[in-house]
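Structure first, then comments.
All ligand and atom numbering here is 1-based and tracks the order in the structure. Being a predicted model, the structure only gives us computed values, none of them experimental.
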Amino acid sequence: MQVIIFTDLDGSLLNHEDYSFTEAMPSLDRIKQSGIPLIITTSKTRREVELLQREMGIREPVIVENGGGIFSPRGYRNLMMESKEQKDDYTVIEIGTTYSKVRDFLKKISLRFDIRGFGDMAPAEIAGLTGLTIERAALAKDREFTEPFIMGRPDEIDSLSELAAEEGLKVARGGRFHHLMGVAQDKGKAVRIVCDLFRQSSGIELTAIGLGDSENDLAMLEQVGIPVLIPRPGKGYLDIRLPGMIWAKEAGARGWNDVVLRLLDELRGITT
Ligand SMILES: [Mg+2]
């Protein structure tokens, strides 16, 4: 049996406030030593995740922009070898629609709704809203599938969602922003595809762990055998209950680290 870990970033592996993963270093070291695939599954962009992977010292497939795309380093564990698109140094599976289609819809409805997406903002404004540095905010603007946005009147989100549905789009809620994206994508669908690819390439059973804190993680948590819910600072746990679910005791990287170390101890001996 092989263990595979899917994780959300903001509020899960990264602290909600300072985006630090320092407190998860002990479990990250264990994951690296054990050769366990750590599949970052996030609303962040590929460029943001590339930087984080370099800082963490890992190079694994990633699921970016809320399941919009799966990017696997070329040649990685014989995964996704045939008939998939190549882009930069990756083999790619695109699940979401294009960013330009999402932006076109946003522009079309901008007179009716008080709405601003990352495409309407300078990096400094995104940095102000998120607490990211200007450099990282610029990476967050470099989008391929989805658009995070804020609304002047949050009560209008339902009518916005109805209009989006007519255009083949939908709205998902993350930790800080709403996200506009193609209807066909979510984190769960991407997780299912990655699990199938790992099973096909290794031929052995998988035990999948998933860690998340927000509504947009639910589809991911539903796809794994061991779903882990991380509490949100000041807001507590998302109100969901899944078979076999584990509630992390603390928020962010510290809660993430505790659960992962405990699970890897429990799973040791029955894994390859
Ligand atoms: Mg999150």
Side-chain angles (χ1 to χ4, degrees), residues 5-24 27-28 38-49 51-53 55-56 60 62-70 96 118 126-127 129-132 136-137 139-140 143 145-150 154 157 170-181 185-191 194 208-224 226-242 245-260:
I5 301 176
F6 295 91
T7 185
D8 171 49
L9 288 175
D10 294 2
S12 299
L13 175 52
L14 308 182
N15 292 337
H16 180 78
E17 295 302 334
D18 64 7
Y19 299 101
S20 168
F21 61 85
T22 305
E23 288 174 295
S27 53
L28 283 174
L38 176 63
I39 313 297
I40 289 173
T41 307
T42 178
S43 57
K44 287 186 184 293
T45 65
R46 172 159 60 103
R47 300 280 310 283
E48 291 178 282
V49 178
L51 176 57
L52 280 161
Q53 282 202 323
E55 291 169 347
M56 290 172 189
E60 303 285 342
V62 294
I63 295 169
V64 299
E65 296 192 45
N66 270 311
I70 302 165
F118 276 19
I126 296 171
L129 285 170
T130 56
L132 293 168
R136 283 176 194 260
L139 299 181
R143 311 200 66 85
F145 305 100
T146 67
E147 179 75 326
F149 65 90
I150 49 174
I157 196 72
K170 68 177 176 183
V171 175
R173 176 183 272 283
R176 278 186 176 79
F177 299 99
H178 287 96
H179 301 261
L180 190 61
M181 64 190 75
Q185 73 167 81
D186 62 48
K187 288 185 177 186
K189 187 172 189 177
V191 165
V194 171
I209 300 168
L211 303 103
D213 70 318
S214 294
E215 272 172 44
N216 62 340
D217 297 316
L218 179 56
M220 166 180 72
L221 297 177
E222 284 172 341
Q223 288 298 324
V224 297
I226 307 177
V228 178
L229 192 62
I230 312 267
R232 300 160 298 178
K235 291 201 274 183
Y237 297 99
L238 192 65
D239 186 17
I240 57 167
R241 191 167 288 269
L242 295 169
M245 196 159 89
I246 293 169
W247 283 263
K249 290 196 175 59
E250 295 183 79
R254 187 192 298 231
W256 197 98
N257 184 67
D258 290 346
V259 170
V260 170

query = What are the protein N/O/S atoms, named by residue and atom, that sit under 2.8 Å from the Mg ion (ligand 1)?
reply =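 Only Asp8 OD2, Asp10 O, Asp213 OD1 fall inside 2.8 Å of the Mg ion (ligand 1).
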
Main-chain N/O of Thr146 paired to Glu65 side chain as donor or acceptor, under 3.5 Å = yes

request  = For the pair Glu215 (side chain) and Ala172 (backbone), establish whether a donor and an acceptor sit closer than 3.5 Å, ignoring hydrogens and angles.
outcome  =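 No: the side chain of Glu215 does not pair with the backbone of Ala172.
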
task = Please round to the nearest 0.5 Å and tell me the distance separating atom CD of Glu60 and atom CD1 of Ile5.
result = 10.0 Å

inquiry  = Would you compute the distance between atom CD of Gln223 and atom OG1 of Thr41 and round it to the nearest 0.5 angstrom?
reply    = 11.5 Å

message = Tell me whether Arg254 at atom CZ has more than 12 heavy atoms from other residues, nucleotides or ligands lying less than 6.0 Å away.
response = no

key: Member of Ile126, Leu52, Thr130 meeting the side-chain contact (heavy atoms from CB on, under 4.5 Å) criterion with Arg136   =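 Going through Ile126, Leu52, Thr130 one by one, the side-chain contact (heavy atoms from CB on, under 4.5 Å) with Arg136 is satisfied by Leu52 alone.
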
